[in-house]
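Everything below concerns the one structure shown next.
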Amino acid sequence: VQLQASGGGLVQAGGSLRLSCTTSGGSFSTYQMGWFRLAPGKGRDLVSAIDWSGSATYYTNSVKGRFTISRDNAKNTVYLQMNSLKPEDTAIYYCAAAARGDYRLGNSYNYWGQGTLVTVSS
């Protein structure tokens, strides 16, 4: 399974970005999908996740109300709409897929894409 993330960039605080992650080589519609981020000096954290059907979502507390995860199974793509961005959202964002397990748990994910850098300036 290959995952290709895109959409990162430099944005001012309060701005928006939309990340996309397209998969190939697997059964996207059966995978739980997640977005993780790795910030300077911190570990890699699960930011948001969505179950295989798109009917259930998870957000870490710091992004609730600002980020929205969605998926398009016909396009094998998961999205992360990020609004009201803050400098503390600066990180490398990774998309990941889980063939099984709880989509809300980071250790469920076993397929990873390359990261896309998001930089939020103050």
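The shown structure was predicted, so the numbers you read here are calculated from the model rather than taken from an experiment.
Shortest non-hydrogen contact noted between Y93 and V47 is CE2-CG2, 4.4 Å. Of all non-hydrogen atoms in P87 and A13, the two that sit nearest each other are CD-CB, 4.1 Å. Of all the heavy atoms in N110 and A99, the pair that sits closest is OD1-N, 3.7 Å. The minimum heavy-atom distance linking G106 with L46 is given by the pair N-CD2, 4.3 Å. Across all non-hydrogen atoms, the minimal contact from Q81 to S16 is NE2-CB, 4.0 Å.
Counting only distance, with no hydrogens or angles, the side chain of S55 and the backbone of S53 share no donor-acceptor pair below 3.5 Å. Distance alone, capped at 3.5 Å, is enough to place a donor-acceptor pair between the D51 side chain and the A56 backbone. For the pair Q32 (side chain) and G101 (backbone), a donor-acceptor distance under 3.5 Å is present.
Screening residues 44-73 for disulfide (SG to SG under 2.5 Å) gives no qualifying pairs among residues at least two apart or on separate chains. Within the structure, disulfide (SG to SG under 2.5 Å) contacts touching residues 31-66 (residues at least two apart or in different chains) do not occur. For residues 12-51, every residue pair satisfying the disulfide (SG to SG under 2.5 Å) rule, not counting sequence neighbours, is listed here: C21-C95. Listed by first then second residue, pairs satisfying salt bridge (charged side-chain N to carboxylate O under 4.0 Å, His left out) with a partner in residues 39-50 number zero, not counting sequence neighbours. Residues in residues 108-122 take part in no salt bridge (charged side-chain N to carboxylate O under 4.0 Å, His left out) pair, two or more places apart or across chains. Here salt bridge (charged side-chain N to carboxylate O under 4.0 Å, His left out) pairs that include residues 108-120, with residues two or more places apart or in two chains, number zero. Sequence neighbours left out, the pairs with a member in residues 79-100 that pass salt bridge (charged side-chain N to carboxylate O under 4.0 Å, His left out) are R37-D89, R66-D89.
Put simply, I92 and Y111 are part of two different groups of oily side chains (I, L, V, M, F, W, Y) that touch within less than 4.5 Å, one to the next. L80 and Y103 are members of different hydrophobic clusters when ILVMFWY side chains are connected at heavy-atom separations under 4.5 Å.
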Audit row: T68, Y59, side chain to side chain contact (heavy atoms under 4.5 Å, CB included) steps and yes/no: CA-CA 8 Å; T68 302; Y59 299 95; 3.9 Å; yes
Set out, in order, the CA-CA distance, both residues' side-chain angles and the distance that settles side chain to side chain contact (heavy atoms under 4.5 Å, CB included) for F67 and I69, then state yes or no. CA-CA 7 Å; F67 290 11; I69 191 170; over 6 Å; no
Do M33 and L3 pass the side chain to side chain contact (heavy atoms under 4.5 Å, CB included) test, and can you show the C-alpha distance, the side-chain angles, and the key distance before you say yes or no? CA-CA 11 Å; M33 298 298 297; L3 293 83; 3.9 Å; yes
Side chain to side chain contact (heavy atoms under 4.5 Å, CB included) evaluation trace for F28 with N73: CA-CA 7 Å; F28 178 81; N73 285 351; 3.0 Å; yes
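Counted by atom type alone, T22 and N76 present zero donor-acceptor pairs between their side chains at under 3.5 Å.
Annotation: cation-pi geometry not satisfied between R71 and Y31 (NZ/CZ under 6.0 angstrom from ring centroid, within 45° of ring axis).
Scanning for salt bridge (charged side-chain N to carboxylate O under 4.0 Å, His left out) contacts around R18 gives an empty result, with sequence neighbours left out. Take F36 and apply the ring pair (Phe, Tyr, Trp, His ring centres under 6.0 Å) test, not counting sequence neighbours, and it matches Y109, W112. In terms of the ring pair (Phe, Tyr, Trp, His ring centres under 6.0 Å) criterion, Y58 has no residue partners (sequence neighbours excluded). Remark: D102 pairs with R104 by the salt bridge (charged side-chain N to carboxylate O under 4.0 Å, His left out) rule, at least two apart or across chains.
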Please list every donor-acceptor pair under 3.5 Å in which a side-chain atom of residues 113-122 meets a protein atom from a residue at least two apart or in another chain.
from : atom 1 : to : atom 2 : distance (Å)
Q114 : OE1    : A5 : N      : 3.4
Q114 : NE2    : A5 : O      : 2.8
T116 : OG1    : G8 : N      : 3.1

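Shown are V63, V11, L19; of these, the side chain to side chain contact (heavy atoms under 4.5 Å, CB included) with M82 is made only by L19.
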